[in-house]
Amino acid sequence: MRLLFLACLSPKTGNCTTAERIRNHIVAAGHTCVLCDTREFNSASDVSSLMTQEPRFEAALAIHLFKGGRLLLDAGVPFGVVFGGTDVNEDIKDEHKRAVMEEVLRKARFAVAFTDALKEQAQAVLVCESKKICVQPQGIETKVALNFSWSDFLHSTGVRTKQVDSLHVFLLVCGLRRVKDPLYLLEAFAEWHSQNPLVVLIIIGPVIDPVFTAEVEESVRRSVGVFLAADLSQEELHAAMQKSFALVNSSLSEGMSAAILEAMELGLPVLARDVPGNAAIVQHKVTGLLYSSPQEFVSMSRNLLDDSELQERLVRNGKNYITTCHNTTKERITYQKLVETLH
């Protein structure tokens with residue numbers, strides 16, 4: 001079967017990584033899967049025109065009900081959709097977008113939610129058939145660059161210290177856009193750094209919103225203890241994670257943060273903002289720490305630094321959680337079965 005797969009493919013983002021992994025699952029089943037960026041199409045008619053070209057597509061799949069699913073409404077082929085966090089956290093607030101998402105769900109053969117909480121939230125805010133929604137957590141695969149230089153990385157961000165081995169790096173991984181709220185911890189962290197120069201916060205991720213990125217750059221420039229790094233390849237990012245003390249998430253809303261899951265897989269403690277998407281995958285004081293304010297983040301971080309037993313417990317439980325709940329083999333089987341329903 002020849003299948004069109006639509007997703008937002010901004011380089012080095014969780015959406016792009018997820019789309020490529022799902023595509024590999026589909027191709028492994030013997031299908032042809034053409035992955036396209038939703039930004040290449042202005043409307044559903046653009047996609048319907050593509051469908052008429054030879055060789056023809058027999059089915060379709062999209063990540064995000066609004067960004068991707070709306071483009072498949074006139075495709076003329078069976079399709080499935082994968083929920084993104086933006087669908088139920090942001091787009092649902094817009095009446096037009098909600099109506100479009102409900103139409104997408106009505107026409108779709110299936111929909112995939114990454115967590116039970118996301119499925120329940122979708123059912124609460126959208127008119128949809130419960131039986132259509134399958135819950136399948138993201139599978140996680142990590143690969144570490146072997147030639148990664150930690151000292152060169154730190155130097156490139158502007159960190160200057162002769163005590164590299166004593167440095168505690170808190171790594172905030174996110175695409176630079178407002179919903180990720182990377183400046184949420186800036187003032188509190190800068191104050192903590194003034195008291196303890198061996199703690200630093202490094203924000204790293206691709207530029208998604210250039211205007212907002214300029215704000216981040218200016219705020220970081222005027223701060224102390226907080227640094228901004230150029231985005232890395234996935235393998236280099238995973239190497240940087242391994243060298244860091246903890247992974248930080250400060251998002252206003254999340255679907256399922258791949259960075260959090262990757263950090264758990266790599267043996268890194270996680271400190272995540274207490275929002276529904278994060279609370280669905282981080283069990284407080286078991287697989288990570290959930291904070292509700294910048295001050296609470298600093299308090300928890302101080303405690304984590306001083307409590308090796310807590311560090312070890314979070315790392316051990318996080319790894320076990322990934323092995324149990326985010327297995328790529330199970331994910332592959334699920335998507336291959338779902339795609340068969342598009343025949």
Mind checking the [atom1]-[atom2] spacing from [X] to [Y]? Nearest 0.5 Å is all I need.
X      : Y      : atom1 : atom2 : answer
Thr17  : Leu9   : OG1   : CG    : 10.0 Å
Arg302 : Asp307 : CZ    : CG    : 15.0 Å
Ser301 : Leu271 : OG    : CG    : 4.5 Å
Lys180 : Asp209 : NZ    : CG    : 13.5 Å
Ile63  : Cys8   : CD1   : SG    : 9.5 Å
Ser257 : Asn249 : OG    : CG    : 5.0 Å

Does any N or O in the side chain of [X] come within less than 3.5 Å of the main-chain N or O of [Y], such that one atom is a donor and the other an acceptor?
X      : Y      : answer
His25  : Tyr335 : no
Glu58  : Val77  : no
Ser194 : Ala190 : yes
Lys132 : Arg106 : yes
Thr324 : Tyr321 : no
Asn24  : Arg21  : no
Ser299 : Gln295 : no
Ser149 : Asp152 : yes
Asn278 : Arg273 : yes
His238 : Lys143 : yes

Can you tell if the side chain of [X] reaches within under 4.5 Å of the side chain of [Y], non-hydrogen atoms only?
X      : Y      : answer
Phe83  : Ile133 : yes
Arg109 : Phe79  : no
Val226 : Val200 : no
Val248 : Tyr184 : no
Leu289 : Pro269 : no
Ser130 : Lys119 : yes
Cys128 : Gln123 : yes
Arg70  : His64  : no

[atom1] ([X]) with more than 12 external heavy atoms under 6.0 Å:
X      : atom1 : answer
Glu187 : CD    : no
Glu40  : CD    : yes
Gln195 : CD    : yes
His284 : NE2   : yes

Can Val173 and Leu247 be said to form a side chain to side chain contact (heavy atoms under 4.5 Å, CB included), step by step? CA-CA 7 Å; Val173 179; Leu247 186 283; 3.6 Å; yes
Can you check side-chain hydrogen bond (donor to acceptor under 3.5 Å, both in side chains) on Glu296 and Ser293, steps first, answer last? CA-CA 5 Å; Glu296 191 173 33; Ser293 70; 4.6 Å; no
Should [X] and [Y] be counted in the same cluster of Ile, Leu, Val, Met, Phe, Trp and Tyr side chains packed under 4.5 Å apart?
X      : Y      : answer
Val179 : Ile208 : no
Phe57  : Phe110 : no
Phe227 : Val216 : no
Val82  : Phe41  : no
Leu228 : Ile204 : no

Can the ring centroids of Phe148 and Phe153 be said to lie less than 6.0 angstrom from one another?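 So the answer is yes for these two rings.
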Just checking Phe189 against Phe170, ring centres under 6.0 Å apart?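 Yes: the rings meet the under 6.0 Å criterion.
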For the residue pair [X] and [Y], what are the closest heavy atoms and their distance?
X      : Y      : answer
Arg98  : Leu126 : CG-CD2, 3.6 Å
Glu331 : Gln136 : CA-NE2, 3.6 Å
Ile281 : Ile260 : CD1-CG2, 3.9 Å
Met241 : Ala259 : CE-O, 3.9 Å
Ala279 : Asp274 : CB-OD1, 3.8 Å
Ile322 : Glu265 : CG2-OE1, 3.2 Å

Report the C-alpha distance between Glu262 and His326 in whole Å, list the side-chain angles of each, state the deciding distance to 0.1 Å, and finish with yes or no for side-chain hydrogen bond (donor to acceptor under 3.5 Å, both in side chains). CA-CA 10 Å; Glu262 289 164 355; His326 295 274; over 6 Å; no
Looking at [Y] and [X], is any side-chain nitrogen of the basic one under 4.0 Å from a carboxylate oxygen of the acidic one?
X      : Y      : value
Asp91  : Lys67  : no
Glu20  : Arg23  : no
Arg221 : Glu217 : no
Glu215 : Arg178 : yes

Starting from the C-alpha separation in whole Å, work towards a yes-or-no answer on side chain to side chain contact (heavy atoms under 4.5 Å, CB included) for Phe66 and Asp94. CA-CA 11 Å; Phe66 184 76; Asp94 183 298; over 6 Å; no
Test salt bridge (Lys or Arg N to Asp or Glu O under 4.0 Å) on Glu312 and Arg316; report intermediate values, then the result. CA-CA 6 Å; Glu312 292 169 4; Arg316 181 176 63 253; 5.4 Å; no
Test side chain to side chain contact (heavy atoms under 4.5 Å, CB included) applied to Met51 and Arg56, step by step: CA-CA 6 Å; Met51 289 295 185; Arg56 290 180 178 253; over 6 Å; no
Leu105 and Glu129: CA distance, side-chain angles, deciding distance, side chain to side chain contact (heavy atoms under 4.5 Å, CB included) verdict: CA-CA 8 Å; Leu105 283 174; Glu129 296 179 49; over 6 Å; no
